[in-house]
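See structure below.
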Amino acid sequence: MAQPLDRYDAGLTTPEMVILEMDAADKLDATSQLAERMYAAGRISDLDGFLKQVNAREHQLATGLPGGVGLPHARSELVSQTSIAVGITKFGRALDFGAADGPATVILLIATPASSFSDHLEVLATLARSLSKESFRESLRRAYDAEVIAELINSSLVFFDH
């Protein structure tokens, strides 16, 4: 049974689901590394099945956002609770997620239970608004601490001014 999203206890990510200095060959490799962290944390039940769903979604429409952000995501019956894994690429590395302004250095993999359509949209919309602010993106890039990055992501959903 999928756990409902509680905005005021948004344990969407943990330091264990953050990869600092990510070194990935391409967006599929980055997505795979992030999904492995979710799987290890018990947030998804079938790593390969979930990756197929994320990659199918990625083929429908690019998930790159302006400002160097990749936002791959999927709703899936393989997800137990809404989760976000975060990758900050190694200095000088960036990955093409199809954004018009260039490749991504901040990658956030969003996984939501299949039954949680409204949670999925809320998380995507709120994160996109937060990530549209250069100061927020820079805070993520410069944190160099998985705990700080997890707290920034979790608090962005709680404190964002609608």
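Hydrogens, waters and symmetry mates are skipped; everything else that's a heavy atom, side chains included, is used.
Other members of the cluster containing Leu121 are Phe117, with ILVMFWY side chains joined at under 4.5 Å, either directly or via other members. Grouped with Leu28 in a hydrophobic cluster is no other residue, since no side-chain heavy-atom contact under 4.5 Å to another Ile, Leu, Val, Met, Phe, Trp or Tyr is found.
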Check residues 90-110 and write down every donor-acceptor pair under 3.5 Å in which the side-chain atom is one partner and the other belongs to a residue at least two apart or another chain.
| unit_1 | atom_1 | unit_2 | atom_2 | d |
| --- | --- | --- | --- | --- |
| Arg93 | NH1 | Asp23 | OD1 | 2.4 |
| Arg93 | NH2 | Ala24 | O | 3.1 |
| Asp96 | OD1 | Gly98 | N | 2.8 |
| Asp101 | OD2 | Gly67 | N | 2.7 |
| Thr105 | OG1 | Arg141 | NE | 2.7 |
| Thr105 | OG1 | Arg141 | NH2 | 3.2 |

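Counting only residues at least two apart or in different chains, salt bridge (Lys or Arg N to Asp or Glu O under 4.0 Å) contacts with residues 31-56 are absent. Among pairs with a residue in residues 55-73, those fulfilling salt bridge (Lys or Arg N to Asp or Glu O under 4.0 Å) read Lys27-Glu58, at least two apart in sequence or across chains. For residues 69-86, there are no salt bridge (Lys or Arg N to Asp or Glu O under 4.0 Å) pairs, not counting sequence neighbours. Counting only residues at least two apart or in different chains, ring-ring contact (aromatic ring centres under 6.0 Å, His included) contacts with residues 33-77 comprise His73-His120.
Heavy-atom minimum distance, Leu131 versus Arg137: O-NH1, 2.8 Å. The two residues Ala35 and Leu51 make their nearest non-hydrogen contact at CB-CD2, 3.7 Å. When every heavy atom of Thr31 is checked against every heavy atom of Pro72, the shortest pair comes out as OG1-CG, 4.0 Å. Nearest heavy atom pair, residue Ser156 against residue Leu127, reads OG-CD2, 3.8 Å. Scanning all heavy atoms of the two residues, the minimum distance from Met38 to Ser83 falls at CE-O, 3.5 Å. Nearest heavy atom pair, residue Gly11 against residue Gln81, reads O-NE2, 4.0 Å.
Here Glu16 pairs with Thr14 under the side chain to side chain donor-acceptor pair (under 3.5 Å) rule; sequence neighbours left out.
Side-chain contact between Leu152 and Val86 is absent, with no heavy atoms from C-beta onward closer than 4.5 Å.
Exactly one of Ile153, Leu71, Leu34 qualifies for a side-chain contact (heavy atoms from CB on, under 4.5 Å) with Ile84. That residue is Ile153.
Other residues, nucleotides and ligands place no more than 12 heavy atoms under 6.0 Å from the CD atom of Glu134.
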